Novice: 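I'd like to ask you about the structure that follows.
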There are 2 protein chains.
Amino acid sequence: MPKEKSVLIGFLKKNKMKMTSQRDKILDFFLKWEKHLSPDEMYYELKKLYPRIGRATVYRTLKLLTKANIASQVELGDGASRFEHKYNHPHHYHLICSRCGKLIEFVSDKIDALKKNISKKHSFLPNNVRFEIFGLCKKCQKYRN
Amino acid sequence: MPKEKSVLIGFLKKNKMKMTSQRDKILDFFLKWEKHLSPDEMYYELKKLYPRIGRATVYRTLKLLTKANIASQVELGDGASRFEHKYNHPHHYHLICSRCGKLIEFVSDKIDALKKNISKKHSFLPNNVRFEIFGLCKKCQKYRN
DNA sequence: ACTGATATTGAGACTCAATATCAATTACAA
DNA sequence: TTGTAATTGATATTGAGTCTCAATATCAGT
């Protein structure tokens, strides 16, 4: 059993919520999938495997996983939100290629320092930071557009 | 005549586009309005003044103003995009209060340095950066939620 | 000032992501 | 095993934003 599943079960217990086969399947799928899927994409993939699954359940479960610290939501600048693994993954930021959509992850303690400094200066209590660099990845720089 | 209007007229000429009464009105409204409005909010406000104006025209004109460097688009994390003045405004970033929506602007050359360093390290050709800190402003820290 | 080529407008249909509703179903503590 | 509270999922709805296309307005060249 993956650790994330224990985490989920613990979280559910703590909140008087129930483990269901749908939640199990969605978590499973989420963990197997390497890259960032939007909820709708996940819904269509899951629908292939389990035709009776509902869109709302997928959305709800992804929110749930986010609350349980198993997933985290990222905005990549296209219309949809996306989810990535969070449990045991270091907090990171993204370089986003505007041409091919490629994501490069990086970590930076400078960003965290910046967050603290700037917030302090403005009596602001920071929660989370968004830092994304949009541009062209190595491959896409070769093309005009 | 505000400078932004000359800028717009120049931009239109350069691109064989035409000045219209709608564009004039939308620019006017945009300049008068202090804070960040979403296109739809602008549309409804403008509709009060000029009932025959179309939603698509507002959206199109805001894009146009962005291309002409008069406006710039920001994402505040709610569903809608928002536009702020850009002409003669220094490039800045935002602290965003999750509770009341308050915006605090700040400038930071460190962010630009970071952008360059990190991009170089990953052979990435950067275009623009998004940096936002979400949290609670001074007032909202007093409340539980 | 007129005119014609061309850019623009706007009503409404449409797309797409996401949320709300609510009757039927399921999980699980006792 | 059972009662009840949480959950599901089909469907409707919302909301932001785009597309279409016939009608209209602008403006460069005369």
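Note on naming: letters A, B, ... go to the chains in the order of the sequence lines (proteins, then strands), and numbering restarts at 1 for each one. Predicted, not measured: the structure shown is a model, and the values here were computed from it.
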Novice: Do any side-chain atoms of residues 122-134 of chain A form donor-acceptor pairs under 3.5 angstrom with protein atoms, and if so which ones, sequence neighbours left out?
Specialist:
{"residue": "His122(A)", "atom": "ND1", "partner": "Ile118(A)", "partner atom": "O", "Å": "3.0"}
{"residue": "Arg130(A)", "atom": "NE", "partner": "Glu132(B)", "partner atom": "OE1", "Å": "3.2"}
{"residue": "Arg130(A)", "atom": "NH2", "partner": "Glu132(B)", "partner atom": "OE1", "Å": "2.7"}
{"residue": "Glu132(A)", "atom": "OE1", "partner": "Arg130(B)", "partner atom": "NE", "Å": "3.2"}
{"residue": "Glu132(A)", "atom": "OE1", "partner": "Arg130(B)", "partner atom": "NH2", "Å": "2.8"}

Novice: Hey, where on DNA chain C does chain A first and last touch, going 5' to 3'? Cut-off is any atom under 4.0 Å from a heavy atom.
Specialist: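 Listing 5' to 3', DNA chain C meets chain A from dA17(C) to dC28(C).
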
Novice: Mind running a 4.0 Å heavy-atom check of residues 48-62 of chain A against DNA chain D and sending the residues that fall below it, in number order?
Specialist: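 Output list: Arg52(A), Ile53(A), Gly54(A), Thr57(A), Arg60(A).
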
Novice: If the cut-off is 4.0 Å, is Arg23(A) near the phosphate of dA6(D), judged by side-chain N/O to OP1 or OP2?
Specialist: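 Answer is no, no contact under 4.0 Å.
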
Novice: Output the rounded distance in Å from OH (Tyr43(A)) to P (dG9(D)).
Specialist: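 The answer, rounded to whole Å, is 9 Å.
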
Novice: Could I get the full list of side-chain hydrogen bond (donor to acceptor under 3.5 Å, both in side chains) partners for Tyr44(B), not counting sequence neighbours?
Specialist: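 By the side-chain hydrogen bond (donor to acceptor under 3.5 Å, both in side chains) rule, Tyr44(B) matches Arg55(B).
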
Novice: Find out if a path of hydrophobic residues (ILVMFWY) with successive side-chain heavy-atom gaps under 4.5 Å connects Ile104(A) to Ile96(A).
Specialist: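 No, Ile104(A) does not connect to Ile96(A) through the hydrophobic network.
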
Novice: List for me each residue that meets side chain to side chain contact (heavy atoms under 4.5 Å, CB included) alongside Val7(B), sequence neighbours excluded, and say none if there are none.
Specialist: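 Scan of Val7(B) (side chain to side chain contact (heavy atoms under 4.5 Å, CB included), adjacent residues dropped) gives Ile70(B), Tyr87(B).
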
Novice: Using atom CZ of Phe11(A) as one end and atom P of dT7(D) as the other, report the distance to the nearest whole Å.
Specialist: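 To the nearest whole Å, that distance equals 11 Å.
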
Novice: Which other residues end up in the same hydrophobic cluster as Tyr59(B), if Ile, Leu, Val, Met, Phe, Trp and Tyr are linked when side-chain heavy atoms come under 4.5 Å apart?
Specialist: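 Answer for Tyr59(B): none, a lone residue.
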
Novice: Check this for me: Lys102(B), atom NZ, are more than 12 non-hydrogen atoms of other residues, nucleotides or ligands nearer than 6.0 Å?
Specialist: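 Atom NZ in Lys102(B) is not packed in, count stays at 12 or less.
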
Novice: For the helix from dA1(C)-dT30(D) to dA30(C)-dT1(D), how many degrees between its two end axes (five pairs per end), to the nearest 10°?
Specialist: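 Result, rounded to 10 degrees: 30°.
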
Novice: Distance check needed: dG17(D) C1' versus Tyr44(B) OH, whole Å only.
Specialist: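 Interatomic distance, OH of Tyr44(B) to C1' of dG17(D): 12 Å.
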
Novice: Base, sugar-phosphate, or nothing: which does Ser81(A) touch, judged by heavy atoms less than 4.0 Å apart?
Specialist: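 Counting heavy atoms under 4.0 Å across all strands, the contact made by Ser81(A) is with sugar-phosphate only.
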
Novice: Show the nearest heavy-atom pair for residues Ile53(A) and Tyr43(A), with the distance to one decimal.
Specialist: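 Looks like O-CE1, 3.7 Å.
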
Novice: Going by the rule ring-ring contact (aromatic ring centres under 6.0 Å, His included), which residues pair with Phe30(B) if we only count those two or more places apart in sequence or in a different chain?
Specialist: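 For Phe30(B) the ring-ring contact (aromatic ring centres under 6.0 Å, His included) partners, ignoring immediate neighbours, are His85(B).
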
Novice: Show me, pair by pair, the donor-acceptor contacts under 3.5 angstrom made by side chains of residues 15-22 of chain B, not counting sequence neighbours?
Specialist:
{"residue": "Asn15(B)", "atom": "ND2", "partner": "Phe11(B)", "partner atom": "O", "Å": "2.7"}
{"residue": "Thr20(B)", "atom": "OG1", "partner": "Arg23(B)", "partner atom": "N", "Å": "3.1"}

Novice: For Gln22(A) and dG9(D), is the shortest distance between a side-chain N/O and OP1 or OP2 below 4.0 Å?
Specialist: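 It does, given that an N or O in the side chain of Gln22(A) lies less than 4.0 Å from OP1 or OP2 of dG9(D).
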
Novice: Please report the closest heavy-atom contact between Pro39(A) and Ser81(A), naming both atoms and the distance.
Specialist: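 Looking at all heavy atoms of both residues, the shortest contact is CD-O, 3.1 Å.
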
Novice: Under 4.0 Å between a Lys/Arg side-chain N and an Asp/Glu carboxylate O for Asp28(A) and Lys32(A)?
Specialist: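 Between Lys32(A) and Asp28(A) there is a salt bridge, with a charged N closer than 4.0 Å to a carboxylate O.
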
Novice: What is the separation between atom CZ on Arg82(B) and atom P on dG15(D), rounded to the nearest whole Å?
Specialist: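 Whole-Å distance recorded here is 14 Å.
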
Novice: Does Lys16(A) place a side-chain N or O at less than 4.0 Å from the phosphate oxygens OP1/OP2 of dT4(D)?
Specialist: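 So the side chain of Lys16(A) is outside the cut-off, no N or O lying under 4.0 Å from OP1 or OP2 of dT4(D).
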
Novice: So, using side chain to side chain contact (heavy atoms under 4.5 Å, CB included) as the criterion, who are the partners of Glu105(A) when residues are at least two apart?
Specialist: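 By the side chain to side chain contact (heavy atoms under 4.5 Å, CB included) rule, Glu105(A) matches Lys35(A), His36(A), Glu84(A), His92(A), His94(A).
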
Novice: Using a cutoff of under 3.5 Å, can you pull out all pairs of nitrogen or oxygen atoms linking the protein to nucleotides 27-30 of chain D, with atom names and distances?
Specialist:
{"residue": "dC27(D)", "atom": "OP1", "partner": "Met19(B)", "partner atom": "N", "Å": "3.0"}
{"residue": "dC27(D)", "atom": "OP1", "partner": "Met19(B)", "partner atom": "O", "Å": "3.4"}

Novice: Partners of Asn88(B) by side chain to side chain contact (heavy atoms under 4.5 Å, CB included), sequence neighbours excluded?
Specialist: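 By the side chain to side chain contact (heavy atoms under 4.5 Å, CB included) rule, Asn88(B) matches no residue at all.
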
